[in-house]
Amino acid sequence: MNCPRDWPEPIIRVQSLSESGIDTIPERYVKPPQARPSSAATTSSVPNIPLIDLGGIYDDNLRESTLKHISDACREGGFFQIVNHGVPPELMDRAREVWREFFHQPMEVKQAYANSPTTYEGYGSRLGVEKGAILDWSDYYFLHYLPCNLRDFNKWPALPNALREVITEYSEQVVRLGGVLLKVMSINLGLSEDYLQNAFGGNDVGACLRVNFYPKCPQPDLTLGLSPHSDPGGMTFLLPDTDVPGLQVRNGDGWITVKPAPHSIIVNIGDQIQVLSNATYKSVEHRVIVNSAQERVSLAYFYNPKSDLLIQPAKELVTPDRPALYPAMTFDEYRLYIRTKGPKGKSQLGES
Ligand code: OGA
Ligand code: NI
């Protein structure tokens with residue numbers, strides 16, 4: 001299976017549609033009734049995802065309870081938000097704001113970075129290459145930070161001026177956090193503390209950023225900003241928009257609407273950690289709803305295994321009672337699925 005070199009249909013920027021002042025959205029953004037935001041059983045009885053003070057892992061009195069809290073979140077909901085994570089709050093705000101500025105530049109400036117399905121790098125407006133697919137109400141920008149040989153500043157926006165520097169600084173922080181959490185998860189899984197980091201390729205991990213731009217939508221009840229999906233990579237660090245909710249996380253038949261604490265970072269387990277943990281940890285489905293009053297900007301940083309390593313359940317977590325649930329596969333092979341089919345729930349893990 002190979003990705004085609006180009007999109008199957010001409011690309012329309014959702015932001016341009018939104019700014020054109022239409023009051024009816026085009027047919028190709030209208031979801032079938034059962035997939036709309038307010039279809040039956042949308043609210044969960046769980047009010048929010050867990051909030052964890054990550055500083056607790058460095059405090060002798062709190063370490064154990066903090067590890068337990070993280071362990072429970074990884075096993076159950078697959079999502080949690082962290083505070084006291086060490087990323088400076090001003091840096092978080094600047095990272096979001098430089099991207100907001102990017103999206104508010106004239107279209108010609110952005111079009112210079114228009115992406116294609118071969119690498120997805122650059123300015124994009126769809127995921128997947130199925131002709132005639134129903135599309136999501138969002139534009140995005142995708143770039144690589146690690147491995148170093150994929151970091152190409154020419155593929156990062158040159159404007160606004162501060163963007164490359166601010167995003168480099170933010171990226172360093174995310175990679176540091178990735179290392180911390182892989183260690184915590186290894187310990188919690190009863191593995192050696194560097195097990196997951198080694199399984200991810202040691203210093204050769206991947207880190208790539210998708211910045212999501214969700215324009216205002218005149219008919220938010222008919223569409224989604226991002227369709228239900230699980231993240232294909234290792235784990236994701238999401239910098240949400242502080243003022244505008246939108247992210248919803250699967251909980252049974254319903255959805256939890258995430259209410260982020262100020263300057264928190266949302267962490268979620270991706271498919272590769274579900275595989276390595278032999279499904280002890282869950283990569284949970286999530287989606288984004290939009291609204292008619294405010295645009296929303298989020299930074300989803302994907303922390304991934306080196307793309308050509310075989311990923312398979314840790315042998316310590318495979319027992320006669322719990323055989324290996326997944327075959328060995330490289331992340332390169334794995335992500336072709338979402339890159340061709342687009343977001344399709346958790347079907348890539350064989351779950352419906
Ligand atoms: C993603 C994602 C959520 C959001 O980019 O994979 O799930 O809130 N984003 O934008
Ligand atoms: Ni996601």
Side-chain angles (χ1 to χ4, degrees), residues 14-15 37 48-49 77-82 92 95-96 99-100 102-103 115 120-128 135-145 170 174 178 206-217 220 223-251 255-261 264-274 281-291 294-304 331 334-335 337-339 341-349 351:
V14 177
Q15 189 178 2
N48 201 0
I49 59 172
F79 267 78
F80 52 100
Q81 44 179 330
I82 51 175
M92 299 172 72
R96 195 186 311 97
W99 281 109
R100 195 188 301 279
F102 169 79
F103 284 101
N115 76 348
Y120 272 86
E121 290 166 286
Y123 180 43
S125 296
R126 68 183 287 165
L127 253 176
L135 301 181
D136 290 339
W137 192 265
S138 53
D139 300 320
Y140 63 86
Y141 201 101
F142 182 69
L143 57 79
H144 288 284
Y145 179 68
Y170 180 69
V174 169
C208 51
L209 172 65
R210 183 167 71 225
V211 183
N212 298 293
F213 184 81
Y214 304 98
K216 291 181 205 172
C217 178
T223 192
L224 289 169
L226 192 52
S227 289
H229 65 282
S230 62
D231 292 343
M235 74 179 119
T236 306
F237 294 97
L238 182 81
L239 176 58
D241 200 314
T242 7
D243 311 317
V244 190
L247 174 63
Q248 296 190 319
V249 176
R250 172 69 82 186
N251 180 248
W255 297 92
I256 300 169
T257 300
V258 174
K259 293 171 262 314
S264 63
I265 292 177
I266 297 168
V267 183
N268 66 286
I269 302 291
D271 296 347
Q272 304 308 305
I273 289 184
Q274 178 168 328
Y281 288 177
K282 303 293 184 321
S283 167
V284 171
E285 222 186 338
H286 50 286
R287 67 179 190 182
V288 176
I289 57 172
V290 291
N291 73 87
Q294 283 173 298
E295 68 184 33
R296 180 169 179 271
V297 178
S298 71
L299 278 62
Y301 226 118
F302 305 112
Y303 186 89
N304 296 330
F331 182 49
Y334 190 92
R335 71 178 153 193
Y337 187 97
I338 194 165
R339 289 191 169 188
K341 299 211 184 263
K344 288 262 188 307
K346 293 196 68 181
S347 52
Q348 69 275 15
L349 279 171
E351 299 173 33

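Numbers here simply count residues along the sequence, with the first being 1. Order of listing sets the numbers, starting from 1, for every ligand and every atom in it.
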Exercise. Work out which heavy atom in K216 is nearest to a heavy atom in W137; give both atom names and the distance.
Key: O-NE1, 3.2 Å
Measure the distance from [atom] to every protein heavy atom, then report the residue, atom name and distance (to 0.1 Å) of the closest one.
atom: atom 5 (O) of ligand 1; answer: R210 NH2, 2.7 Å
atom: atom 9 (N) of ligand 1; answer: N212 ND2, 3.6 Å
atom: atom 8 (O) of ligand 1; answer: R296 NH2, 2.9 Å

Quiz item: Which of these passes side chain to side chain donor-acceptor pair (under 3.5 Å) with N115: Y141, Y120, Y123, Y140?
Solution: Y140
Quiz item: Just by modelled atom types, is the S283 backbone N or O under 3.5 Å from a matching donor or acceptor in the Q274 side chain?
Solution: yes
Looking at [X], which atoms of ligand 1 are within less than 4.0 Å of one of its heavy atoms?
X: L247; result: 3 (C), 8 (O)
X: S298; result: 4 (C), 8 (O), 10 (O)
X: V288; result: 3 (C), 4 (C), 8 (O), 10 (O)
X: A300; result: 1 (C), 5 (O)

Heavy atoms only, cut-off 4.0 Å: how does [X] contact ligand 1, side chain, backbone, both, or neither?
X: F302; answer: side chain
X: L226; answer: side chain
X: Y214; answer: side chain

Practice problem: Before giving the answer on salt bridge (charged side-chain N to carboxylate O under 4.0 Å, His left out), spell out for D136 and R287 the whole-Å C-alpha distance, their side-chain angles and the decisive distance to 0.1 Å. | Solution: CA-CA 10 Å; D136 290 339; R287 67 179 190 182; over 6 Å; no
Quiz item: Given atoms OD1 of D231 and NE2 of H286, what angle do they subtend at the Ni ion (ligand 2), to the nearest 10 degrees?
Solution: 90°
Quiz item: For the Ni ion (ligand 2), which N, O or S atom of H229 is at the shortest distance?
Solution: NE2
Self-check item: Full working for side-chain contact (heavy atoms from CB on, under 4.5 Å) between F302 and D231
Solution: CA-CA 8 Å; F302 305 112; D231 292 343; 3.9 Å; yes
Quiz item: Got a salt bridge between R96 and D243, using NZ or NE/NH1/NH2 to carboxylate O under 4.0 Å?
Solution: no
